[in-house]
Amino acid sequence: MSMQDPISDLLTRIRNAQMAGHETVALPASKTKLAILKVLVDEGFVNNYEVLEGAKPEILVSLKYFQGSPVIKEIDRVSRPGLRIYKKCGELPSVRGGLGISIISTNHGVVSDRQARENGTGGEVLCTVF
């Protein structure tokens with residue numbers, strides 16, 4: 001069965017693994033998923049990730065916990081295949097008053113909302129993380 005929305009699959013696997021208390025989660029590799037995970041690592045929401053080579057490459061994500069509870073409290077998809085959400089630089093959403101981040105796909109790559117504002121670019125709002 002083909003996957004219709006790989007970004008939603010990534011977010012759901014991370015959410016489910018953290019609710020179950022897993023240390024790591026494996027998922028199929030893609031360039032977009034790697035870009036999103038790089039932003040999550042840079043912002044401190046996950047420890048790290050590594051690409052496992054093979055017939056079908058996989059990404060192994062090391063999840064982050066603080067005092068036994070997951071660092072990611074909420075992770076939601078905003079733009080989806082049936083309804084793309086684009087925002088200009090001044091319209092980028094602020095998540096929980098700046099405590100969380102939005103992950104934005106810009107013409108400069110996949111970046112956090114803070115980085116997009118610094119660059120002065122807008123783009124597709126992929127997801128929000130708190």
Side-chain angles (χ1 to χ4, degrees):
M1 183 171 167
S2 68
M3 192 180 317
Q4 298 298 316
D5 189 5
I7 296 173
S8 287
D9 179 63
L10 163 74
L11 302 178
T12 301
R13 285 180 191 231
I14 289 174
R15 187 182 314 113
N16 290 345
Q18 285 199 320
M19 286 193 315
H22 294 280
E23 293 294 320
T24 60
V25 62
L27 48 116
S30 76
K31 290 180 183 178
T32 306
K33 290 178 187 178
L34 288 172
I36 291 171
L37 287 170
K38 182 180 182 318
V39 172
L40 289 175
V41 168
D42 292 344
E43 295 290 330
F45 287 102
V46 296
N47 282 330
N48 60 3
Y49 62 91
E50 63 177 296
V51 179
L52 305 174
E53 298 298 331
K56 293 184 179 180
E58 284 191 333
I59 305 170
L60 188 64
V61 181
S62 175
L63 302 173
K64 192 172 191 176
Y65 294 89
F66 180 73
Q67 296 179 347
S69 67
V71 171
I72 298 175
K73 304 288 186 230
E74 192 176 293
I75 186 165
D76 295 315
R77 183 83 156 110
V78 175
S79 185
R80 51 193 173 89
L83 181 63
R84 302 289 185 183
I85 306 294
Y86 296 95
K87 298 288 182 182
K88 295 178 184 175
C89 178
E91 301 171 347
L92 291 175
S94 177
V95 179
R96 302 277 174 110
L99 295 176
I101 63 166
S102 296
I103 298 178
I104 315 293
S105 177
T106 68
N107 55 356
H108 298 291
V110 177
V111 296
S112 69
D113 58 338
R114 288 183 265 264
Q115 186 66 40
R117 284 189 195 96
E118 287 176 15
N119 295 341
T121 59
E124 181 182 357
V125 182
L126 299 177
C127 63
T128 60
V129 183
F130 169 70

Checklist entry - Is there a path from Tyr86 to Val110 through hydrophobic residues (I, L, V, M, F, W, Y) whose side chains come within less than 4.5 Å of each other? => result no

Checklist entry - Please walk me through it: do Arg77 and Asp5 pass side chain to side chain contact (heavy atoms under 4.5 Å, CB included)? => result CA-CA 10 Å; Arg77 183 83 156 110; Asp5 189 5; 3.1 Å; yes

Next on the checklist: If you apply the rule salt bridge (charged side-chain N to carboxylate O under 4.0 Å, His left out), what do you find for Lys87 with Glu124, and how did you get there?
Outcome noted: CA-CA 6 Å; Lys87 298 288 182 182; Glu124 181 182 357; over 6 Å; no

Checklist entry - Looking only at heavy atoms, which two atoms of Ile59 and Pro28 are closest? And how far apart? => result CD1-O, 4.1 Å

Checklist entry - Going through the checks in order, is the side chain to side chain contact (heavy atoms under 4.5 Å, CB included) test met by Glu58 and Glu53? => result CA-CA 7 Å; Glu58 284 191 333; Glu53 298 298 331; over 6 Å; no

Checklist entry - Is there a side-chain contact between Cys89 and Thr121 (heavy atoms, below 4.5 Å)? => result no

Item to check | For Leu99, the rest of its hydrophobic cluster, which grows through side-chain links under 4.5 angstrom | outcome: Val95, Phe130

Checklist entry - Less than 4.5 Å apart, any side-chain heavy atom of Val111 and any of Asp42? => result no

Next on the checklist: Here's a test for you: under side chain to side chain contact (heavy atoms under 4.5 Å, CB included), which of Ile7, Leu40, Asp113 qualifies with Ile103?
Outcome noted: Leu40

Item to check | Residues Glu74 and Arg96 bridged, charged N to O under 4.0 Å | outcome: yes

Item to check | Intermediate values then yes/no, side chain to side chain contact (heavy atoms under 4.5 Å, CB included), Val39 and Ile101 | outcome: CA-CA 10 Å; Val39 172; Ile101 63 166; 4.0 Å; yes

Item to check | Shortest non-hydrogen separation from Cys127 to Leu11 and the atoms involved | outcome: CB-CD1, 3.7 Å

Next on the checklist: The test is side chain to side chain contact (heavy atoms under 4.5 Å, CB included); show your working for Ile72 and Val129 and say whether it passes.
Outcome noted: CA-CA 7 Å; Ile72 298 175; Val129 183; 4.1 Å; yes

Checklist entry - Is a side-chain donor or acceptor of Ser69 paired with a backbone partner of Phe66 at a separation under 3.5 angstrom? => result yes

Checklist entry - Rounded to the nearest 0.5 Å, what separation is found between the CD atom of Glu118 and the OG atom of Ser112? => result 7.5 Å

Next on the checklist: Less than 4.5 Å apart, side chain to side chain, heavy atoms only: is that true for Asn16 and His22?
Outcome noted: no

Item to check | Remaining members of the apolar cluster that contains Ile85, side-chain heavy atoms under 4.5 Å | outcome: Val78, Leu83, Leu92, Ile104, Val125

Checklist entry - About how many Å separate CG of Asp9 and CE of Met3, when rounded to the nearest 0.5 Å? => result 4.0 Å

Item to check | Rounded distance (nearest 0.5 Å) linking atom CG of Leu27 with atom OG1 of Thr12 | outcome: 11.0 Å

Checklist entry - Is Leu34 linked to Val41 within one hydrophobic cluster, defined over Ile, Leu, Val, Met, Phe, Trp and Tyr using a side-chain heavy-atom separation of less than 4.5 Å? => result yes

Checklist entry - Is any side-chain heavy atom of Leu63 closer than 4.5 Å to a side-chain heavy atom of Thr24? => result no

Checklist entry - Closest heavy-atom contact between Val25 and Ala17? => result CB-CB, 3.8 Å

Item to check | Heavy-atom pair with the smallest gap, counting every atom of Val71 and Gln18 | outcome: N-NE2, 4.2 Å

Checklist entry - If you group Ile, Leu, Val, Met, Phe, Trp and Tyr by side-chain heavy-atom gaps below 4.5 Å, do Leu52 and Leu10 land in one group? => result no

Item to check | Lys38, NZ atom: more than 12 neighbouring heavy atoms under 6.0 Å | outcome: no

Checklist entry - Linking I/L/V/M/F/W/Y whenever any side-chain heavy atoms sit under 4.5 Å apart, do Ile75 and Val61 land together? => result yes

Next on the checklist: Just verifying a value: how many Å separate Ile36 CD1 and Phe45 CZ, rounded to the nearest 0.5 Å?
Outcome noted: 14.0 Å

Checklist outcome for this item: Between the CD atom in Glu50 and the CG atom in Leu37, the distance rounded to the nearest 0.5 Å is 12.0 Å

